[in-house]
Amino acid sequence: MYNTISRMMRTGLLTEPLPAVEEAAPTLETLQQGLLRIVGRALCIRHVDAGSCNGCELEIQALNNPYYNLEGAGVKFVASPRHADLLLVTGPVSVNMEEALKRTYDAIPDPKFVVAVGDCGACGGVFGTSYASRGRVANVIPVNYTVAGCPPSPTAILRGILQTVHSTSSTTSK
Amino acid sequence: MLPDFMEQRTALPANMPSSHLRVDGQQWLWAAEAMRQFCARFLSLWGADDRDRDGCFRIYAAYLLPESVLVVEHSIAAAAAPFYPSIATLFPAALRMERAVHDLLGISTDEADHRGWLRHGGWPETLFPLRRDVDGSQQYPIVSAPYPCVAVEGDGVHEIAVGPVHAGTIEPGHFRFSVVGEKVLRLEERFGYTHKGVAKLFENLSQQEGHRLAARVSGDSAVAFSWAYCAALEAITGTTCSSRAILLRALALEHERLANHLGDLGALGNDAGFAFGLTHFSRFKEDLLRANTVAFGARYLFDYVVSGGVAVDLTEQSRRLLLDQYDALEPAVANMRSIYDEHAGLQDRFREAGRLEHSTAERLGAIGLVGRASGIACDLRVDHPWAPYDRLDPQRIMQTGGDVAARVQVRFDEIIESLRLCRALLAEPPMDGIRTFVSPAEANQLGIGLIEGWRGPVMVALETGPDGTIRRCHAHDPSWQNWPLIEYAILGNIVPDFPLINKSFNLSYSGQDG
């Protein structure tokens, strides 16, 4: 136990400021106010791998490390699509995942957002469309925002999530 | 003594001693029997459509012998129902690969399990996408195809169906548990959800760009796959990379191993309810990825290994930064190890959970990290050291427990050994160039590249076409062999321990789905 506590004390806080989105960088406060206005609580994300190579998953997982501290910003991953506000989709949509993705999308209550993560999700990437792949996510379900990159950095993914919420919150506040 | 017909083998271009043997149907089986007798490890099985060349389909099997790799090739005359004998009774891991070969090429075996593996109804049953006369870019409507799982019956037995979409940021796959109370009586896996038609896509790429797709077969093993691809191409063309490029490839491979092991150790702590472990290990992993950005130009090294060398050179400043990073990481990991070792709750969850007995691992052909945690001595870096491992004297890491705790210990030990290798690689780096020109290969040449990735041996078998094209490329992830083992390791455990056990294997879905 001494070792555990001592490591915590020595490590301290590592969390970095949120990345900038278009116009002005959101402060933690404005972001949380935006989230509160739109969803009334923390933003809940459901992730679906629709056929990715697993590279994007690694970077999404990194969002929970202490540097990015996603939950600290009022954003959390949930296990059920019925608890989610935002669907984060990675990969080109493989034909074997098409139905599962559609069902997950349908299970998310309105209003819902979809962010396609990575080159594959954004445009099909190296896999494109074929007998086994439907290509980009927008070919299968409506997409609000895409984050390019192979894989995109956690900062880019975080920016994509914030941008989606930010643009919605600016529209709804007008 | 190997049977007489096996003396006919010829040398095969590869990054380690390898040979090639052409056999008929009977010998295909005899060769497999001989391999089983000689305790060879089964590496991979794949097929090809060569009807345009000589009217035959081909089936290949690769085996790892103590002193070399053997690729056995059997030609199957094209008929209404092309057929070859199954080797799954000798090497159980071959069964899923044989089913996958059927889905892609329409050549089948005498095995009883004819359920589709990669085809879930996304393309017609009579269409075999890897055949040369099939246009792979065509799209088809989905026709739901039933998949009967093996039913377990009896008082109080019920089924729990999980997936393909899981409750977390992980890849898709289906698990069917038959349980009594919480105790697992049987687990059946079903994969293929992320099948993206990689093999067919390779045929549209040039030899020079194939490494990009190879890197994306399984993203967490990008370096291993792209290096295996390049090793095969370079062996076929007789290209020798500069010693600096070889060194940097090994450095990238060890960084990939470090990053994955660090991530897994954190996730394993978390899955046993010790979030502190995740926080600290994910921080170490992030530090390493940030160092990657400085040293190699990217967090994940997807396009770092390129044909003839590597894409980015390492500066002297980066070299020092990496050495400093290792100096900071090593004591931190040692500290975390003592915290893990002394944590009674954590050890209670790790020990005895998901035990894969040595005998089961041996019989079913476990390889890589999972094999090494069950006492299977198999590490290509040690057994068949290719450059630069031939001068690094990599140490064999092994545990015999076969449980989650053993797989945790293997990861800790491998991190320490990887750090030693990284330091040795950076001690006196040679100053020659980082990229050698690779001339287009002659047509119809077969070569293989084998790299010990963090999960186990990654293999790429490459066959060249005319004018710098790829005729056929098979990329094999060791997850193929190790996935079926979880069905055994879980027996007698309770359902809530499955995430922990599954994480301790941490196998690739995308790598096996292709």
Side-chain angles (χ1 to χ4, degrees), chain A residues 1 3-4 6-8 10-11 14 45-68 77-81 88 90-92 94-101 103-104 107 118 120 125-135 150-151 153-154, chain B residues 118 120-123 127 129 134-140 142 144 164-165 167-172 192-198 200-201 212-213 215-220 222 259 263 267 276 278-280 282-283 285-286 289 299-300 302-303 332 335-336 338-339 342-343 508-511 513:
Chain A
M1 207 44 166
N3 261 339
T4 311
S6 141
R7 170 150 282 283
M8 286 178 189
R10 277 181 289 134
T11 306
L14 300 172
I45 301 181
R46 170 70 242 212
H47 161 255
V48 169
D49 172 344
S52 127
C53 77
N54 77 29
C56 291
E57 280 62 40
L58 299 173
E59 292 296 42
I60 292 173
Q61 281 162 6
L63 286 173
N64 282 320
N65 81 33
Y67 290 103
Y68 304 104
F77 285 94
V78 292
S80 168
L88 207 56
T90 52
S94 70
V95 298
N96 292 346
M97 276 303 288
E98 185 179 0
E99 193 187 337
L101 176 64
R103 282 199 203 175
T104 308
C120 296
V126 292
F127 302 105
T129 56
S130 71
Y131 76 92
S133 166
R134 299 284 187 239
C150 187
S153 66
Chain B
L118 299 179
H120 292 191
W123 60 92
L127 181 110
V134 170
D135 170 16
S137 63
Q138 190 83 27
Q139 302 247 327
Y140 305 92
I142 293 170
S144 180
V165 178
T169 305
I170 48 171
E171 299 178 76
Y193 291 93
T194 68
H195 178 66
K196 297 178 278 288
V198 167
K200 191 75 176 179
L201 288 173
R212 293 196 69 239
L213 183 57
R216 287 158 179 83
V217 170
S218 180
D220 55 18
F276 167 88
L278 179 64
T279 305
H280 288 268
S282 64
R283 179 257 171 118
K285 181 176 177 180
E286 181 70 21
L289 296 177
R299 289 163 61 85
Y300 286 97
F302 276 83
D303 301 314
N335 179 225
M336 287 300 289
S338 68
I339 291 173
E342 288 161 14
H343 195 292
S508 173
Y509 300 69
S510 181
D513 294 347

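Predicted model only: the values in this text are computed from it and were never measured. Residue numbers begin at 1 in each chain, while the letters A, B, ... track the order of the sequences.
For a residue to count as touching a neighbouring chain, one of its non-hydrogen atoms must lie under 4.5 Å from one of that chain's; by this rule A:S52 touches chain B with the backbone only. Looking at B:H343, there are no atoms closer than 4.5 Å to chain A (heavy atoms on both sides), in backbone or side chain. Looking at B:R299, only its side chain comes within 4.5 Å of chain A, counting heavy atoms on both sides. In this structure, chain B has heavy atoms under 4.5 Å from both the backbone and the side chain of A:F127. Contact of B:I142 with chain A is made through backbone and side chain together, with heavy-atom distances under 4.5 Å. For chain B, the nearby part of A:V48 is the side chain; its heavy atoms alone come within less than 4.5 Å. For chain A, the nearby parts of B:E171 are the backbone and the side chain; heavy atoms of each come within less than 4.5 Å. Using a 4.5 Å cut-off between heavy atoms, A:R10 contacts chain B through its side chain alone, with no backbone atom that close. With a 4.5 Å cut-off on non-hydrogen atoms, A:C150 touches chain B through its backbone and its side chain both.
Closest non-hydrogen pair, A:C53 versus B:F302, comes out as SG-CE2, 3.9 Å. For B:A167 against A:A79, the heavy-atom pair with the smallest separation is CB-CB, 3.4 Å.
Of the possible donor and acceptor atoms, one in the side chain of A:N96 sits under 3.5 Å from a partner among the backbone N and O of B:L118. Under the 3.5 Å distance criterion, the side-chain polar atoms of B:E286 are left unmatched by any main-chain donor or acceptor of A:A62. Under a 3.5 Å cut-off, the side chain of A:S94 and the backbone N or O of B:Y193 do form a donor-acceptor pair. Under the 3.5 Å distance criterion, the side-chain polar atoms of B:Q139 are matched with a main-chain donor or acceptor of A:S133.
With contacts defined as side-chain heavy-atom distances shorter than 4.5 Å, the pair A:M97/B:V165 qualifies. Counting only heavy atoms from C-beta outward, the side chains of B:D135 and A:Y131 never approach each other to under 4.5 Å. Side chains of B:K285 and A:N65 form no contact here, defined as non-hydrogen atoms less than 4.5 Å apart.
Distance check: A:T11 OG1 to B:F276 CZ gives 7.0 Å after rounding to the nearest 0.5 Å.
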**Prompt:** Hey, mind stepping through B:D220 and A:L58 against side-chain contact (heavy atoms from CB on, under 4.5 Å) and telling me if it holds?
**Reply:** CA-CA 8 Å; B:D220 55 18; A:L58 299 173; 3.9 Å; yes
